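Shown next, in structure tokens, is the structure this report addresses.
Bear in mind the structure is a predicted one, so any value in this text is a computation, not a measurement. Below, chain A is the first sequence line, B the second, and so on; all start at residue 1.
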Amino acid sequence: MIGLARLSAPRGTADIMPQEARRWQELERVARQVFEAYGYGEVRTPIFEYTELFQRGIGEATDVVDKEMYTFRDRADRSLTLRPEGTAGVVRAYLEHRLDGAAQPAKLYYLGPMFRYERPQAGRARQFHQLGAECIGTSDPAADVEMIGMLAGLLRRLGLDGFEVRLNSIGCPRCRPAYVARLREAVASVVEQLCPSCRERYHRSPLRLLDCKRESCQRLTAGVPVLLDALCDECHGHFRQVRQHLDDLEIEYRLWPRLVRGLDYYTKTVFELISPDLGAQDALGGGGRYDGLVETLGGPPTPGVGFAAGMERILLALAKSRPQETASGIDAFVAHHGAEGRRAAVRIAARLRDAGLRVEIDYLNRSLRAQMKQADRQRARAVVIVGEDEAAREAARVRDMETGREQEVPESNLLHVLAQGGN
RNA sequence: GUGGGUGUAGCUCAGCUGGUCAGAGCGCCAGGUUGUGGCCCUGGAGGUCGUGGGUUCAAGUCCCAUCACUCACCCCA
């Protein structure tokens, strides 16, 4: 029995206890509703995949693949990895189930745990949860906007509205290499003055030089060519249409020329939704277009676009922007006294529950006074009291906890009285 | 992986420069009310002072290590 003396959930994981779980259920319910409204169907893919899927899909040079994956070998020595994001698995399923041969585009959504080995902090955990959607098989700019609109709509529907939409285009394999070359050239003279991670980026993924948070780096790269000005005609046109659709839908956004993303598969449109209430990890969700991903994973050339949002972060932002709603109470508490009263109480509680009422009963044989206190704490609308006398008459006293009014009711009439919400 | 902060009762926290410092409030349980909640009063249960070493006559209190939590960097959801 090693380490069990401490008994705590592993670092970076958390239990979601009943009170909190209700908020999760509400989020899930609304999310499914929104997804269905947009014509998306749920897909449930495995929690783990072959490691290679993520290496190829997300990109070897990304931080996620390079140092954040939970990778292990199974008993047959296969390398498996707990999924660090949802898109790769969904695209894999799309290909495996030959959705490329079905009606296009395929519209899929998912919901569930993801895993990344990182140092936990506010809004960041090792096991966290994302909800997301993928629209595979169309390069229509309207699909890009559908993603942004769907996520923004979901957040607003939940009661969040302080978020900001940031938008950029990072081009395609036709225009990006030339830009990256120009960028490298422009930065070459100041490389030595950049922060250590930017010096690393300069070699591995120059685009990410653009969104370093350090002021010193920002200053050094201030005059660098702007990605948006370097797009090829196709990417430029696509981006123009994306903006047009956003305007048509009256979705406010800010152009964020330095927004790049940490996963290699993105092309053209990228976006993030930022919350002002979250601290350092302030992205509620983000996504973009990935026109090369399906092909990278072995399928036919197929465009796609998607997004993912952090469920913990949404809940966190919701908690900060909205006063805590009080949990609803139960319909009735059945209090009893004496052996016969207890028998009757057990029977009554079961019947009321069968009828769909939320009913509690004391199993600790406590004094009536203690049972009343318990009922009060659980915010019971009514208390059904059954003592020896009432049991003998096959009746019970019903006390309205709001008004304090009490009346004796025949057992056969209890459901009727309680269903009316008082007496 | 790097840096800062914090670890004392279920929760929020007091415990000054080492010597009744093991406490408070809330919560929980019971009683005050032989069968009746919210307010009030009384009592009770509950703590390896994160863990392991060390210094000292004496260590929540000082030192070292370690673990955990937390915030930030990095990265992202």
Taking the side chain of [X] as heavy atoms from C-beta outward, which of [options] is closest to it?
{"X": "A/Ile385", "options": "B/G35, B/G37, B/C71", "result": "B/G35"}
{"X": "A/Asp389", "options": "B/G35, B/A77, B/G37", "result": "B/G35"}
{"X": "A/Gln374", "options": "B/U36, B/C29, B/G3", "result": "B/C29"}
{"X": "A/Arg366", "options": "B/C74, B/C29, B/G31", "result": "B/C29"}
{"X": "A/Arg11", "options": "B/A68, B/U36, B/C73", "result": "B/A68"}
{"X": "A/Asp63", "options": "B/G3, B/C74, B/G37", "result": "B/C74"}

Would you say the base of [N] and the side-chain of [X] have a donor-acceptor pair closer than 3.5 Å?
{"X": "A/Arg124", "N": "B/C71", "answer": "no"}
{"X": "A/Gln281", "N": "B/A72", "answer": "no"}
{"X": "A/Arg399", "N": "B/G35", "answer": "no"}
{"X": "A/Gln371", "N": "B/G35", "answer": "no"}

Look at the side-chain N and O atoms of [X] and state whether any lies under 4.0 Å from the OP1 or OP2 oxygen of [N].
{"X": "A/Gln121", "N": "B/A72", "answer": "yes"}
{"X": "A/Arg377", "N": "B/G38", "answer": "no"}
{"X": "A/Arg369", "N": "B/G31", "answer": "no"}

For the residue pair [X] and [Y], confirm or rule out a side-chain donor-acceptor distance under 3.5 Å.
{"X": "A/Gln407", "Y": "A/Arg399", "result": "no"}
{"X": "A/Thr269", "Y": "A/Ser169", "result": "no"}
{"X": "A/His245", "Y": "A/Asp144", "result": "no"}

Name the orientation of the base relative to the sugar in B/G4: syn if the glycosidic angle is within 90° of 0, else anti.
anti
When all nucleic acid strands are considered with a 4.0 Å heavy-atom cut-off, which category describes [X]: base, sugar-phosphate, or nothing?
{"X": "A/Leu284", "result": "sugar-phosphate"}
{"X": "A/Leu263", "result": "sugar-phosphate"}
{"X": "A/Ala375", "result": "nothing"}
{"X": "A/Arg208", "result": "sugar-phosphate"}
{"X": "A/Ala125", "result": "base"}
{"X": "A/Gly341", "result": "nothing"}
{"X": "A/Gly123", "result": "base"}

Which residue pairs satisfy the side-chain hydrogen bond (donor to acceptor under 3.5 Å, both in side chains) criterion with at least one member in residues 250-262 of chain A, sequence neighbours excluded?
A/Glu164-A/Arg254, A/Gln218-A/Arg258, A/Thr221-A/Arg258, A/Arg243-A/Tyr253, A/Arg261-A/Glu272
Just say parallel, tilted or perpendicular for the rings of A/Phe35 and A/Tyr40, cut-offs at 30° and 60°.
tilted
Quick one: on RNA chain B, does A/Gly287 or A/Glu388 contact a more 5' nucleotide (nearest heavy atom)?
A/Glu388
If you find the nucleotide of RNA chain B closest to A/Leu278 and the one closest to A/Val260, which residue's nucleotide is nearer the 5' end?
A/Leu278
Have a look at A/Ile58 and tell me which of A/Leu263, A/Asp66, A/Leu53 forms a side chain to side chain contact (heavy atoms under 4.5 Å, CB included) with it.
A/Leu263
